[in-house]
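Inspection log for the structure reproduced underneath, given as structure tokens.
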Amino acid sequence: MKKVPVAVMVSGGGTNLQAIIDAEKSGKIRSAEVVLVVSNRADAYALERARKAGIDTAVVEKKTCASQEEFEKKVRVLLDEKGVQLIVLAGFMSILSADFTSAYPDRILNVHPSLIPKFCGKGFYGLKVHEAVLAAGEKTTGATVHFVNEIPDGGAIIFQKEVPVCEGDTPEVLQHRVMEQAEWELLPAAVEKVSAEILKNQ
Ligand code: GAR
């Protein structure tokens with residue numbers, strides 16, 4: 001069966017990448033194949049996860065590029081080489097320019113660890129999101145998978161799931177609950193949904 005070639009962009013631990021790899025193995029993802037993992041950090045553990053799964057990896061660090069434009073050009077060359085049709089931002093901690101996002105309309109997904117429109121946009125990433133949720137005294141939080149456009153965390157929402165905030169939560173404990181109960185389920189499901197639609201319309 002034909003599959004959509006997917007690139008996953010990462011910066012850190014890569015548990016969301018792992019959820020996608022596992023979903024591919026178990027058959028929950030049938031319409032997509034991860035063909036490339038691109039990291040903007042050479043020390044990202046996500047790269048190790050990709051290598052263990054036999055997926056090609058690439059590192060493009062901003063410090064080796066003269067500008068955002070050059071960084072994105074290098075990434076686009078890699079994506080083109082692999083014929084990538086869908087890009088998944090899975091813990092990718094860098095904002096892509098409108099030039100980049102407009103080149104892939106409805107072809108970039110992102111997972112964000114809050115219930116967008118709450119706690120999102122510039123400055124809200126990783127643990128900072130959960131710190132802000134706790135500081136605001138929220139009783140529930142969650143995760144969102146959405147399309148990426150030129151507005152950070154502003155594209156159309158694909159899936160969203162609520163997760164409770166519990167008494168005594170630290171940002172780390174809350175982050176793990178949001179990942180386990182929402183992100184690791186929603187992101188592979190969104191990859192399958194969007195990929196199946198791409199195949200249907202081909
Ligand atoms: C995840 O919680 C993801 O939602 C968040 O960073 C973590 C990455 O974990 N992403 C953002 O905050 C993007 N704005 P992972 O590397 O283990 O997948």
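Owing to the predicted nature of the structure, the values given are computational and were not obtained by experimental measurement. Nothing fancy with the numbering, it's 1 onward along the sequence. Counting convention: from 1, in listed order, for ligands and their atoms alike.
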Protein heavy atom at shortest distance from atom 9 (O) of ligand 1: M179 CE, 3.2 Å
If you have a sec, work out which protein heavy atom is nearest atom 8 (C) of ligand 1 and how many Å separate them, to one decimal? G91 CA, 3.6 Å
Nearest-neighbour protein heavy atom for atom 1 (C) of ligand 1, which is reported as residue plus atom name and distance: E183 OE1, 3.1 Å
Which heavy atom of the protein is the closest neighbour of atom 14 (N) of ligand 1, given with residue, atom name and distance? H112 ND1, 3.4 Å
Below 4.0 angstrom from a heavy atom of Y125, which ligand 1 atoms are there? Numbered from 1 as shown, please. 12 (O), 14 (N)
Contact (N/O only, under 3.5 Å) between N16 and ligand 1: yes
salt_bridge(R76, E72) N-O dist < 4.0 Å: no
Ignoring angles and geometry beyond distance, decide whether T15 reaches within less than 3.5 Å of ligand 1 through its nitrogen or oxygen atoms. yes
For G126, the atoms of ligand 1 under 4.0 Å from one of its heavy atoms are 11 (C), 12 (O)
Could you state the interatomic distance from NZ (K200) to OG (S195), rounded to the nearest 0.5 Å? 13.0 Å
For atom 6 (O) of ligand 1, which protein heavy atom lies nearest, and how many Å away is it? M93 CE, 3.1 Å
Calculate, to the nearest 0.5 Å, the distance between atoms NE2 and CD belonging to H112 and Q160 respectively. 10.0 Å
So which heavy atom on S11 is nearest to which on N40, and how close? OG-OD1, 2.8 Å
Starting from atom 16 (O) of ligand 1, what is the nearest protein heavy atom, named by residue and atom, and what distance separates them? G14 N, 2.8 Å
Under a heavy-atom criterion of less than 4.0 Å, does V129 contact ligand 1? no
Taking every heavy atom of G126 against every heavy atom of Q175, the minimum-distance pair comes out as C-NE2, 4.2 Å
Which value, rounded to the nearest 0.5 Å, describes the distance between N149 atom CG and T101 atom OG1? 6.5 Å
Under 3.5 Å, side chain of K161 to main-chain N/O of Q181, donor-acceptor pair present? yes
Minimal heavy-atom distance between S114 and T144, with the atoms involved, is O-OG1, 2.7 Å
